[in-house]
Amino acid sequence: MSNPTDSVKAFFTALNVPAAAYLAGNLPTRSPIDGSTLALVHTTPLADVPNAIARAHAAQQAWRSVPAPQRGELVRLLGETLRTHKQALGTLVSLEAGKVLSEGLGEVQEMIDICDFAVGLSRQLYGLTIASERPGHRMMETWHPLGVVGVITAFNFPVAVWAWNAALALVCGDTVVWKPSEKTPLCALAVQAIFDQACKRFGADRTADLSQLLIGHADVGQALVEHPQVALVSATGSTRMGQAVGPRVAARFGRSLLELGGNNAIIVAPSADLDMAVRAVAFAAAGTAGQRCTTARRLIVHADVHADLVARLTRAFASFTIASPLEDGTLVGPLIDQAAFDGMQAALQQAREQGGVVTGGERVLQDRYPDAYYVRPALVQMPAQTAVVRHETFAPILYVMQYTDLQEAIAMNNAVPQGLSSSIFTTDVREAELFMSAAGSDCGIANVNIGTSGAEIGGAFGGEKQTGGGRESGSDAWKSYMRRATNTVNYSRELPLAQGVRFELG
C-alpha cells in the first residue's frame, strides 16, 4: 500500500482537495488493513475552534430564515453528490476504518438514505393546534431552528453518523461543526469536500460556512463541547467519553445527544428457527470485526437448544474468511489498532479466569500483516453473566449463556449498564410480544427474529441507561435539532384568564 494510496490521491483530486491538506499535515492517518500510513492530515489549532464556531453561528443566523423546503433542496443535492462518489467514498471507509467493502459502501448508502429522509422531512416539520379553554383563543406549537450543532463521531462509522446529524440539522435550519475521530480524518475531509460540491450547486453565496470541520484530538472536542454558542452537542463514542461530555454541556445549559456504549444481547428461545438464528448471530457478533455499538456481545440460549446452537456457531465462526477488507469474500477485516487487540486479549483472559471456555480469539495473518491486527472472532461459553460479560469490550467476542425461563432471560438481557440494542429469536407470539413490552427488554432497540445490528434510518436510533438516551436518524429525532414554542392568539375582544383567575382593574 503506497503512501498515500493511489485511490486516495485520485479521489481527493476529483474532489479538488489540495494535496497539502492530506500530504503535509501533522496527524498521520493509518490504515488498519496493513498498518501503513495513508496520509498526513492538518489538525485544527485549538485557537481556531472559536473562530469556526463563530462562522457557523453567523451562517445560521441567515440559514434559519431560508424556507425549510429550500433547505431540503441542499440536502437533496448532497444525496445526489454522494451517489456520484459512493464507490470511492465507500472504498475510503474500508481503507481508513477497516470495514469490508460491502459495509463501507453500505455506510455511504446510509448517508444517501438519510438525505432522502430529510428531504421529505423538510416539508413535514409539523407543530400542533391545541384546544384552548378560553373563548376566542387559539393555541398552537411551532418549531424553530436551534442554532449551531456540534457533532463528534467515532472511527467505526466515520461518515454515516455525520450524515444522520447533518442532514436533519440542515433541514431544521441549523449549521454543523464536526469533530471526527482522529483515527479517520481522511473520511471527514472527503465528506466535507462532497458537501462543498453540493453547496456550489445550490449556491455558494447562500451556503458559506454551513458546515465546519475540526480535526484533532480530545482537546479540540472539549473546546467544541464547552463553547456557549454550540446549542446541541451530538456525541458518539464510549460511555466514558459521554460521562465527560454530558456534564460539560449541562453545566452551560446546552443540549446533548449521546450515543454511547452497547452490550447487546440476543435471546434464542426453544421455538427459534436455528438456521436463521445462526446467520443473524454470526453477522451481529462478527460484522465490522465486532466494532459496532450494536454488535451482539451476549447470547442467551434456552437449555433445550443450547448444545445444538453452540455447535452450529462454532462451525460458523471457524468458517469466517478473515482477510483484507478489500478482497472479495472477506467477512471479517482487522481491528482498528493494537489497543483494540490488547483490550480483546485482556477480556478473554478475564473470561477464562471467571470460568469461561474460549474458542477462537487469536491473532491471525500476522506474517502477512505484521503491523495490523486481524483476529478470529471468539465464542466464549460462560457459566454465568460475570463481570467481564457485563463490561463492553469493543471487539468480536460473543459470550454464550443458558436460561430455562424467559423471565430469567429478559432479566439477564437487562442486567447490564448499557441499553442500546437487543433481540429475541422465537416463533411464539407470546414470547415476542412480552420481549417488546414494558416488562421486556429495556433497550432502545428491541427486535424479533433479526439481529441487534443493521438498523434502518426510518426508525429513531439510540438507547437507554449508559447508552446515553439520545435518538438520531428517523422517526421524530428531528425534534432534537429544533426548539419548540407554544403560541396563544387571542382574536376576541375580551381578555379572559386561564383557570378562571380574575384580575380586575378598578
Side-chain angles (χ1 to χ4, degrees), residues 100 263-292 294-323 329-335 340-341 343-366 373-386 388-404 409 412-413 421-426 449-454:
V100 298
N263 193 348
N264 314 294
I266 296 177
I267 297 171
V268 180
S271 66
D273 180 331
L274 293 189
D275 290 336
M276 182 185 293
V278 167
R279 291 186 60 201
V281 171
F283 173 70
T288 326
Q291 297 171 123
R292 289 184 180 224
T294 52
T295 291
R297 310 202 181 280
R298 298 176 294 140
L299 185 62
I300 304 168
V301 187
H302 193 276
D304 290 351
V305 294
H306 177 268
D308 189 4
L309 183 59
V310 168
R312 295 186 190 209
L313 285 171
T314 301
R315 291 192 294 271
F317 274 45
S319 74
F320 288 146
T321 303
I322 305 169
T330 298
L331 295 182
V332 180
L335 294 174
F341 173 76
M344 178 179 182
Q345 299 309 305
L348 292 176
Q349 181 57 35
Q350 291 176 48
R352 293 184 184 98
E353 293 169 356
Q354 294 168 23
V357 177
V358 178
T359 303
E362 71 276 10
R363 188 176 178 185
V364 298
L365 304 180
Q366 188 170 359
Y373 293 87
Y374 292 80
V375 295
R376 184 163 298 283
L379 194 65
V380 185
Q381 296 186 62
M382 295 296 296
Q385 191 156 263
T386 63
V388 72
V389 179
R390 292 193 295 272
H391 173 78
E392 181 194 24
T393 300
F394 216 60
I397 301 174
L398 182 64
Y399 300 107
V400 185
M401 298 156 289
Q402 294 189 46
Y403 80 94
T404 55
M412 292 174 67
N413 176 83
S421 188
S422 59
S423 71
I424 186 171
F425 278 80
T426 180
N449 293 330
I450 65 170
T452 53
S453 57

**Message:** Distance alone, cut at 3.5 Å: any donor-acceptor contact between the side chains of Gln349 and Gln345?
**Reply:** no
**Message:** For the backbone of Ala395 and the side chain of Arg297, can you confirm whether one donor and one acceptor N or O come within less than 3.5 Å of each other?
**Reply:** yes
**pair Met344-Pro396: side-chain heavy atoms closer than 4.5 Å** = yes
**Message:** Can you confirm whether Ile266 sits close enough to Ile424 that some side-chain heavy atom of one is under 4.5 Å from a side-chain heavy atom of the other?
**Reply:** no
**Request:** Check salt bridge (charged side-chain N to carboxylate O under 4.0 Å, His left out) between Arg298 and all other residues, then give those that pass, not counting sequence neighbours.
**Result:** none
**Item:** Non-hydrogen atoms of Phe425 and Gly451 that approach each other most closely
**Value:** CZ-N, 4.2 Å
**Partners meeting side chain to side chain donor-acceptor pair (under 3.5 Å) with Thr314 (sequence neighbours left out)** = none
**Message:** Could you report the tightest heavy-atom contact between Ala265 and Asn413, atom names first, then the distance?
**Reply:** CB-OD1, 3.4 Å
**Item:** Main-chain N/O of Thr294 paired to Thr452 side chain as donor or acceptor, under 3.5 Å
**Value:** yes
**Asked** Can you find a pair of side-chain heavy atoms, one from Val301 and one from Met401, that are under 4.5 Å apart?
**Response** no
**Asked** Considering only heavy atoms from C-beta outward, does the side chain of Tyr403 approach that of Ile267 to under 4.5 Å?
**Response** yes
**Flag side-chain contact, heavy atom, 4.5 Å: Val268 against His306** = no
**Item:** Side chains of Val375 and Val364 in contact at under 4.5 Å (non-hydrogen atoms)
**Value:** no
**Complete:** Result for side-chain contact (heavy atoms from CB on, under 4.5 Å) between Tyr399 and one of Val380, Asn263, Leu379 points to Val380
**Request:** Show the numbers, then the answer: is there a side chain to side chain contact (heavy atoms under 4.5 Å, CB included) between Val400 and Val310?
**Result:** CA-CA 8 Å; Val400 185; Val310 168; 3.9 Å; yes
**Asked** Salt bridge or not for Asp275 and Arg279, using N-O below 4.0 Å?
**Response** no
**Asked** Would you say the side chain of Phe317 lies within less than 4.5 Å of the side chain of Pro377, judging by non-hydrogen atoms?
**Response** yes
**Request:** With sequence neighbours excluded, give me every side chain to side chain donor-acceptor pair (under 3.5 Å) pair touching residues 356-365.
**Result:** none
**Item:** Side-chain (His302) to main-chain (Pro270) donor-acceptor, under 3.5 angstrom
**Value:** no
**Request:** Ignoring hydrogens and angles, tell me if any N or O in the side chain of Ser453 forms a donor-acceptor pair with the backbone of Thr295 under 3.5 Å.
**Result:** no
**Prompt:** Distance-only, no hydrogens or angles: does the Asn264 side chain make a donor-acceptor pair with backbone N or O of Ser421 under 3.5 Å?
**Reply:** yes
**Item:** Any side-chain donor near an acceptor of the partner, Thr426 and Ser271, under 3.5 Å
**Value:** yes
**Complete:** The reported gap from OH in Tyr373 to CG in Leu335 (rounded to nearest 0.5 angstrom) is 10.5 Å
**Prompt:** Would you call Leu299 and Val281 a side-chain contact if the rule is heavy atoms closer than 4.5 Å?
**Reply:** yes
